[in-house]
Undergrad: 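Here it is, the structure, as structure tokens.
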Amino acid sequence: MSEQQPRSRRKRMTGKERREQLLRIGRELFAERGFDGTSVEEIAARAGVSKPVVYEHFGGKEGVYAVVVDREMQTLLSMVGESLTADTPRGQIENAAMALLRYVEECSQGFRILARDSHAASGTGSFASLISDIATQVEHILAEEFKARGYDPKMAPMYAQSLVGMVALTGQWWLEVRKPKREVVAAHLVNLAWNGLSNLEARPVLETLRRGRAAD
């Protein structure tokens with residue numbers, strides 16, 4: 001009589017491990033298909049569990065999505081915040097651009113989710129609000145530089161929004177093409193932004209308006 005082989009058993013996940021597995025799978029699916037294109041059934045099937053398990057941990061796909069988006073936003077904000085350590089204003093702008101592009105490169109799934117514009121179910125705001133949060137972290141750099149150069153520091157928040165938005169939108173394009181290298185993209189972005197800032201007019205006026213006034 002042959003010996004009976006013991007059945008191999010998979011280690012049962014703890015609640016924390018299962019929760020992290022569902023978040024990882026949800027992140028993959030949301031990056032691939034977006035919020036509306038993802039279902040609880042797909043999350044459960046890919047995890048090898050039943051739908052009630054997803055509901056038990058998150059209450060539905062809305063709960064999964066909210067946690068995924070919140071984590072991605074915190075990761076990006078932290079990366080940008082930690083990068084603002086250079087000794088010069090230009091160095092800080094360079095580091096911020098590099099940090100945002102590094103997030104695009106290293107956390108591409110997360111960036112795809114955020115760039116699709118956060119669904120109302122996330123409860124964490126839109127991609128535009130995220131850009132605004134990042135701009136808030138760098139606007140003091142511009143405010144100090146504006147003050148030193150004789151420009152109106154009250155305009156710094158608007159310029160910060162413009163600069164961060166430029167990097168973020170370029171990041172969306174770069175995510176698909178991946179050329180040139182991150183450092184080259186950052187250098188060109190900062191070149192456009194910084195050299196543009198270095199030649200600011202103290203009181204800019206649209207050229208068409210200037211010509212109209214001159215003709216009157």
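Computed from a predicted structure; not experimentally measured.
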Undergrad: Can you tell whether the side chains of Arg112 and Glu176 come within less than 4.0 Å, N to carboxylate O?
TA: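 Looking at Glu176 together with Arg112, the answer is yes, because their closest N to O distance falls below 4.0 Å.
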Undergrad: Given Val69, which of Leu114, Leu130, Val64 fulfils the side-chain contact (heavy atoms from CB on, under 4.5 Å) condition?
TA: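 The passing option is Leu114.
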Undergrad: Whether the Gln21 and Arg24 side chains hold a donor-acceptor pair (N or O, under 3.5 Å, no angle test) is what I'd like checked.
TA: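 Note: Gln21 and Arg24 side chains miss the donor-acceptor criterion.
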Undergrad: Identify whether the distance between the nearest side-chain nitrogen and carboxylate oxygen of Lys16 and Glu20 falls below 4.0 Å.
TA: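 The answer is no: the pair does not qualify as a salt bridge.
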Undergrad: Of all residues at least two apart in sequence or in a different chain, which pass the side-chain contact (heavy atoms from CB on, under 4.5 Å) check with Leu192?
TA: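 Leu192 satisfies side-chain contact (heavy atoms from CB on, under 4.5 Å) with Met166 once adjacent residues are dropped.
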Undergrad: Working to the nearest 0.5 Å, report the span between CD1 of Ile43 and CD of Glu28.
TA: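 Atom-to-atom, Ile43:CD1 and Glu28:CD are 11.0 Å apart.
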Undergrad: Quick check for you: to the nearest 0.5 Å, what is the distance between His188 atom NE2 and Thr170 atom OG1?
TA: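 So the gap between those two atoms works out to 12.0 Å.
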Undergrad: If you round to the nearest 0.5 Å, how far is CD of Gln92 from CG of Leu142?
TA: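 Rounded to the nearest 0.5 Å, the CG-CD separation comes out at 10.0 Å.
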Undergrad: Rounded at 0.5 Å granularity, tell me how far CG in Leu163 sits from CD in Glu139.
TA: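 Leu163 CG to Glu139 CD: 11.5 Å, rounded to 0.5 Å.
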Undergrad: Could you list the donor-acceptor pairs under 3.5 angstrom formed by side chains in residues 72-81, with sequence neighbours left out?
TA:
from: Glu72; atom 1: OE1; to: Tyr103; atom 2: OH; distance (Å): 2.6
from: Glu72; atom 1: OE2; to: Arg27; atom 2: NE; distance (Å): 2.6
from: Glu72; atom 1: OE2; to: Arg27; atom 2: NH2; distance (Å): 3.4
from: Thr75; atom 1: OG1; to: Arg71; atom 2: O; distance (Å): 2.9
from: Ser78; atom 1: OG; to: Gln74; atom 2: O; distance (Å): 2.8

Undergrad: Could you tell me whether the side chain of Glu17 and the main chain of Thr14 form a donor-acceptor pair under 3.5 Å?
TA: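 It does hold such a pair.
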Undergrad: Taking salt bridge (charged side-chain N to carboxylate O under 4.0 Å, His left out) as the test, write out the residues that go with Lys51, two or more places apart.
TA: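 Per chain and number, Lys51 pairs via salt bridge (charged side-chain N to carboxylate O under 4.0 Å, His left out) with Glu41.
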Undergrad: Can you list every ring pair (Phe, Tyr, Trp, His ring centres under 6.0 Å) pair that touches residues 13-34, not counting sequence neighbours?
TA: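 Non-adjacent pairs meeting ring pair (Phe, Tyr, Trp, His ring centres under 6.0 Å): Phe30-Tyr65.
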Undergrad: Provide the full list of ring pair (Phe, Tyr, Trp, His ring centres under 6.0 Å) pairs with a residue in residues 153-182, sequence neighbours left out, each pair given once.
TA: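 Sorted result for residues 153-182: Phe146-Tyr159.
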Undergrad: Just distance, no hydrogens or angles: give the donor-acceptor pairs under 3.5 Å from side chains in residues 147-156, sequence neighbours left out.
TA:
from: Arg149; atom 1: NE; to: Glu145; atom 2: OE2; distance (Å): 2.7
from: Arg149; atom 1: NH2; to: Glu145; atom 2: OE2; distance (Å): 3.2
from: Tyr151; atom 1: OH; to: Leu200; atom 2: O; distance (Å): 3.0
from: Asp152; atom 1: OD1; to: Lys154; atom 2: N; distance (Å): 3.0

